[in-house]
Amino acid sequence: SCICEARYGHLSFLGQPRGVSLLSVLALSTHPPTQVERVSYERYGGEQGLEDEIDRRITESRKRKQKKKVKEIAKLRRDTFKSVLRQKPVAKAHMHTFNPDDERYVEETDSWVKKCSTCDFEVSFEKM
């Protein structure tokens, strides 16, 4: 049991270790809620001051969460953009141009083969 007058007024509390750090202590109040309210009213200047403090903390929390969300979205955009840049460029498809003079007959398969003049693509076909 500890008494911490500077931070919590004249309320005594039970100190319980909080996490791994030896410096952080969870203050569990041993007094009824009315005494805790009285100390908080004194600290923040009445009920209206306490409500203003609660509202301020809520808005700060929302701002922190929004800032974190914007940061995460920016990181996702950066990562996506980097992954797009890292991708290998896909070769553009082109229209094959077959020269009728390049057609040749293959006896083993009994078919004709023609070759694209730009990319060496070959197509086998049968003439009727």
Visitor: Side chain to side chain contact (heavy atoms under 4.5 Å, CB included) for C116 and F98? Distances and angles first, verdict last.
Guide: CA-CA 5 Å; C116 176; F98 298 104; 4.1 Å; yes
Visitor: Using a 6.0 Å cut-off, check whether atom OH of Y105 has over 12 heavy atoms from anything other than its own residue.
Guide: yes
Visitor: Report yes if some heavy atom in the side chain of F125 is under 4.5 Å from a heavy atom in the side chain of E103; otherwise report no.
Guide: yes
Visitor: Does K115 make a cation-pi contact with F121 (under 6.0 Å, within 45 degrees of the axis)?
Guide: no
Visitor: State the CG-CD distance between D55 and E60, to the nearest 0.5 angstrom.
Guide: 11.5 Å
Visitor: Side chains of K69 and K65, heavy atoms from C-beta outward: is any pair under 4.5 Å?
Guide: no
Visitor: Please check if any side-chain donor atom of T97 sits under 3.5 Å from a side-chain acceptor atom of S117, or the reverse.
Guide: yes
Visitor: Salt bridge or not between E53 and R56? Use side-chain N to carboxylate O under 4.0 Å.
Guide: yes
Visitor: In Å, rounded to the nearest 0.5 Å, how long is the span from CZ of R64 to OG1 of T59?
Guide: 9.5 Å
Visitor: Is any side-chain heavy atom of V123 closer than 4.5 Å to one of V113?
Guide: no
Visitor: Is a donor on one side and an acceptor on the other found under 3.5 Å between the side chain of T80 and the backbone of L76?
Guide: yes
Visitor: Please determine whether side chain to side chain contact (heavy atoms under 4.5 Å, CB included) holds for the pair E122 and R104, giving the CA-CA distance in whole Å, both sets of side-chain angles, and the decisive distance to 0.1 Å.
Guide: CA-CA 11 Å; E122 291 186 347; R104 65 186 190 331; 3.7 Å; yes
Visitor: Within this structure, what is the CG-CD distance for the pair D52 and E47, rounded to the nearest 0.5 Å?
Guide: 11.0 Å
Visitor: For the pair K67 and E72, find out whether any cationic side-chain nitrogen is under 4.0 Å from an anionic carboxylate oxygen.
Guide: no
Visitor: Honestly curious: do V39 and Y41 fall in one hydrophobic cluster under the side-chain, below-4.5 Å linking rule?
Guide: no
Visitor: Do H96 and T118 have side-chain N/O donor and acceptor atoms under 3.5 Å apart?
Guide: no
